[in-house]
Number of protein chains: 2
Amino acid sequence: MQRIRIKDVAKEAGVALSTAALALRDDTKLREETRRLVRDAAARLGYVYDRSAAVMRSGKSHTIGLLVCEITNPFYAELTAGVEEALDEAGFVVMLANTSESITRQRRMLERFREQPVDGVLIMPATGTPPSLLEDLEQWRVPHATVVRGFRRGAHTGPDNRAGTRMATEHLLALGHRRIAFLGGLTRNSVSRERWDGYFRAMTKAGLAPEQLCCRTDIGEAAGVAEALPADGPTALVCFNDSVAFGATLGLLRSGRMPGRDVAVIGFDDIREAAAWFPALTTVRVSPREIGRAAARVLLERIADPAAAPRREILAPTLVVRESCGAHLRWKG
Amino acid sequence: MQRIRIKDVAKEAGVALSTAALALRDDTKLREETRRLVRDAAARLGYVYDRSAAVMRSGKSHTIGLLVCEITNPFYAELTAGVEEALDEAGFVVMLANTSESITRQRRMLERFREQPVDGVLIMPATGTPPSLLEDLEQWRVPHATVVRGFRRGAHTGPDNRAGTRMATEHLLALGHRRIAFLGGLTRNSVSRERWDGYFRAMTKAGLAPEQLCCRTDIGEAAGVAEALPADGPTALVCFNDSVAFGATLGLLRSGRMPGRDVAVIGFDDIREAAAWFPALTTVRVSPREIGRAAARVLLERIADPAAAPRREILAPTLVVRESCGAHLRWKG
DNA sequence: CGCAATCATTGGAACGTTCCATTGTGGCGG
DNA sequence: CCGCCACAATGGAACGTTCCAATGATTGCG
């Protein structure tokens, strides 16, 4: 009992090797009858296609390398699901690498992907990734696209972070808030910068002083900061993302304040837990799954036509008003 | 500018093709000097190893197929991270497939993995997976191991679910509770059965009547059930997992009851958010990352020696007492 | 000093596809 | 009846490694 090859199928069907190969790919060059003949023979023998040989000969692996900066982050998990879903529909399979925000690990996996070989890589760059990484990829001739976190150039897919925090801030302004702080965004990557920037512009445009409460993207840390907030502190918090917002609401509860009533809280991302939260979280929806699907499309396009100018797809976010911003209480300032 | 092959490196270094190949693998059969010579030549030319040819010739891909039942579930995301981490250390790379609990998708991806080919598959079976799947894998001669959700036979790694819910229930009994319900576990898979069973045994052993409050593993749904709980209902809830427990605490809060004071809640898994929760969640810790790492080891062992009896590694859980069970309040029943 | 054993290197087949050029066959127009 | 074309099928090289058997050089030992 050994492996069945196309050669064996061809013999069984009584045709030449290359005919059998064409038939198994369902090539229309062959008569339907011949194709059926071969298909039946393959089924009879239990033939299993060997992709490794095809990859080697054709140079196409139908495999994409996916570098995730932190898969245990629900936002990136959802995004990964979207990427995988869309690539699968297109007949591609995903090689996963979780970098855990380590740029050395990221580098190593990228080199591994280059040998593998993959047809392209989708990168959510680890914090601190030098822009030269893209140049290396270009020189290596590896089709690539960034997701969520990006650089000035190259194919990219991500949410419009600036617009998101601007909407959130303007919503709070419209509710009458004046002392609005930005919570989170300690790490220096493009997402942090852009989200801070949207908030900053909305505040300065309204003639108010922006204020940043720094913390890492961690429920516990955010909770600590919110719990320690003085009574004469901000009346509203624009949070870096939902995890930080969750932390903020927990911290407020711990210090006896009701999120939404005593201090307004708005998150960012609208991860699944946001709607079920107590109080239900007002947040900026960016649909990570959709971003993932779009990113897959952008990369596949790039693979199909590497000469074309890299596409940049920036998805518009929407504000989902729930309870934590206090809008339902008709806040009066 | 075309691809550099071993042949080119050999020419540059002035040795035979097979010598260069051995040198690049750093084989000790060769003199250190020769190896260095070849390494230098490879570096000079910018040689990149082509794994696809190696896979085809050797039949070993150093690739593992990972079937995740639902990657957006934080527990499985963390587990995936553990698997990826351990496999990477062993020089293996992960092909990811998220089945989203669809058995047809699972089947399709498995067939894809068979062609790919992968050296083995790690499966977190989708709910409703027939045990015959393992038989197929065996017949296909694909080394495999199940994770968390398992079957009677075959290599497996997972937590001791029975012991976990038993510990949780006994803890609540020791705190004086008598009306203890089990929340969640609507889906019929091995995990649901085992967790219910641990609770059931502890209750009947104590001479009490077990009660199941059914709901799917979903924060919103669990919140609904908890919110509707009557005043003369259970005083304590053993939850299927942390997500359900989160839902339970939110539902209790919504109906004006304080989790831990009015109704005790215990979760299962100890996902990252559990410690930061309000109130901090008492839960059964199973360390998904460790399970993932262990599962990777079990599969690699199986690949190394397919003839050996499949190993089953059941990890002991620990009870992490925080606030939601009310233990800190010295509950008196 | 000769023969075996060891060491370092070499040559070439093999892995199972894809791809390209070629052959054979039948139909059709001139 | 011949040449031409389209169609269906074929033959064989190529992809870039690994693996194995074989070679030549050097050492060890009786």
Side-chain angles (χ1 to χ4, degrees), chain A residues 1-42 45-63 91 93 112 114-119 141, chain B residues 2-39 41-42 45-63 91 93 112 114-119 141:
Chain A
M1 166 157 176
Q2 42 153 5
R3 181 146 204 157
I4 306 294
R5 298 139 300 172
I6 289 191
K7 196 209 280 182
D8 305 309
V9 174
K11 201 168 290 169
E12 171 83 10
V15 297
L17 189 157
S18 33
T19 307
L22 285 174
L24 291 171
R25 272 178 280 160
D26 213 31
D27 195 307
T28 50
K29 279 218 230 323
L30 258 38
R31 300 208 326 270
E32 168 55 29
E33 196 193 324
T34 315
R35 278 179 275 165
R36 220 204 45 243
L37 200 71
V38 175
R39 262 201 307 272
D40 290 352
L45 296 179
Y47 167 72
V48 179
Y49 180 59
D50 183 338
R51 222 163 269 272
S52 69
V55 170
M56 138 134 216
R57 172 65 237 227
S58 69
K60 306 268 126 254
S61 65
H62 284 257
T63 297
V93 75
R112 176 88 204 231
R114 181 154 83 124
E115 309 183 332
Q116 197 67 28
V118 297
D119 289 345
R141 297 272 160 88
Chain B
Q2 42 152 4
R3 180 145 206 160
I4 307 293
R5 296 138 302 171
I6 290 191
K7 195 209 280 182
D8 305 309
V9 174
K11 202 168 289 169
E12 170 83 10
V15 296
L17 190 156
S18 34
T19 308
L22 286 174
L24 290 170
R25 272 178 281 160
D26 213 32
D27 195 308
T28 49
K29 279 216 231 326
L30 260 36
R31 300 206 326 267
E32 169 56 30
E33 197 192 323
T34 315
R35 278 180 275 166
R36 222 204 43 243
L37 199 71
V38 174
R39 263 201 306 269
L45 296 179
Y47 167 73
V48 180
Y49 180 60
D50 183 337
R51 220 164 269 272
S52 68
V55 169
M56 139 134 216
R57 172 66 236 227
S58 69
K60 306 267 126 255
S61 66
H62 284 256
T63 297
V93 75
R112 176 86 204 233
R114 181 154 85 124
E115 309 183 333
Q116 196 69 29
V118 297
D119 289 345
R141 295 273 161 89

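Model, not experiment: these values are computed from the prediction. We name chains A, B, ... by the order of the sequence lines, and we start the count at 1 in each one.
- Counting only heavy atoms from C-beta on, A:Arg31 has its side chain closest to D:dA8 among D:dT18, D:dA8, C:dT17.
- Minimum atom distance to the side chain of A:Arg25 is reached by C:dC19, of the listed C:dC19, C:dG16, C:dT10.
- The closest donor-acceptor contact from the side chain of A:Arg35 to the backbone of A:Leu30 lies under 3.5 Å.
- When each of C:dG16, C:dT9, D:dG11 is scored by its nearest atom to the side-chain atoms of B:Leu30, the top-ranked nucleotide is C:dT9.
- Summary of the strand contacts: B:Thr28 and B:Ser58 both lie near DNA chain C, and taking for each the nucleotide with the nearest heavy atom, the more 5' one is attributed to B:Thr28.
- Between the CZ atom of B:Arg36 and the C1' atom of C:dT9 there is a distance of 17 Å, rounded to whole Å.
- Ion pairing between a basic and an acidic side chain is recognised when a charged N comes within 4.0 Å of a carboxylate O; A:Glu12 and A:Lys7 show no such pairing.
- Taking only side-chain atoms of B:Ser18, from C-beta outward, the nucleotide of C:dG11, C:dT17, C:dT9 with the closest atom is C:dG11.
- Side-chain atoms of A:Arg112 come within 3.5 Å of backbone N or O of B:Gly91 as a donor-acceptor pair.
- Contacts of B:Ala21 with the nucleic acid, taken as non-hydrogen atoms under 4.0 Å apart, include base atoms.
- A side-chain donor-acceptor contact under 3.5 Å links B:Asp119 to the backbone of B:Ser61.
- Note: CG (B:Leu37) to C1' (C:dT9) measures 13 Å, nearest angstrom.
- In this structure, CZ of A:Arg114 is placed 15 Å from P of D:dG16, rounded to the nearest angstrom.
- Nearest to the side-chain atoms of B:Met56 among the listed nucleotides C:dT17, C:dT10, C:dC15 stands C:dC15.
- Side-chain to base pairing of B:Arg57 with C:dA14: one donor and one acceptor N or O lie within less than 3.5 Å of each other.
- A:Ala16 comes within 4.0 angstrom of sugar-phosphate atoms only, judged by non-hydrogen atoms across all strands, and of no base.
- Spacing between atom CG of B:Leu22 and atom C1' of C:dC7 amounts to 13 Å, rounded to whole angstrom units.
- In terms of modelled atom types and a separation under 3.5 Å, the side chain of A:Asp40 and the main chain of A:Leu37 share no donor-acceptor contact.
- Backbone-only contact: B:Thr34 has heavy atoms under 4.0 Å from sugar-phosphate atoms and none from a base.
- Atom C1' of nucleotide C:dG16 and atom OH of A:Tyr47 are separated by 8 Å, given to the nearest angstrom.
- If you measure from atom NZ of B:Lys11 to atom P of C:dT10, you get 14 Å, rounded to the nearest angstrom.
- For B:Asp50, counting side-chain heavy atoms from C-beta on, the closest listed nucleotide (D:dA9, D:dC19, D:dT17) is D:dT17.
- Within 4.0 Å (heavy atoms only), A:Val15 reaches sugar-phosphate atoms of the nucleic acid but no base atom.
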- Message: Under the criterion side chain to side chain contact (heavy atoms under 4.5 Å, CB included), I'd like the reasoning laid out for A:Val93 against B:Gln116: C-alpha separation, chi angles, the key distance, then a yes or no.
- Response: CA-CA 9 Å; A:Val93 75; B:Gln116 196 69 29; 3.9 Å; yes
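- Atom CD of A:Glu32 and atom C1' of D:dC7 are 16 Å apart (whole Å).
- Looking at which nucleotide of DNA chain C each of A:Leu17 and B:Arg35 is closest to, the 5′-most match is held by B:Arg35.
- Following rounding to the nearest Å, A:Leu24 (CG) and C:dG16 (P) show an atom-to-atom distance of 15 Å.
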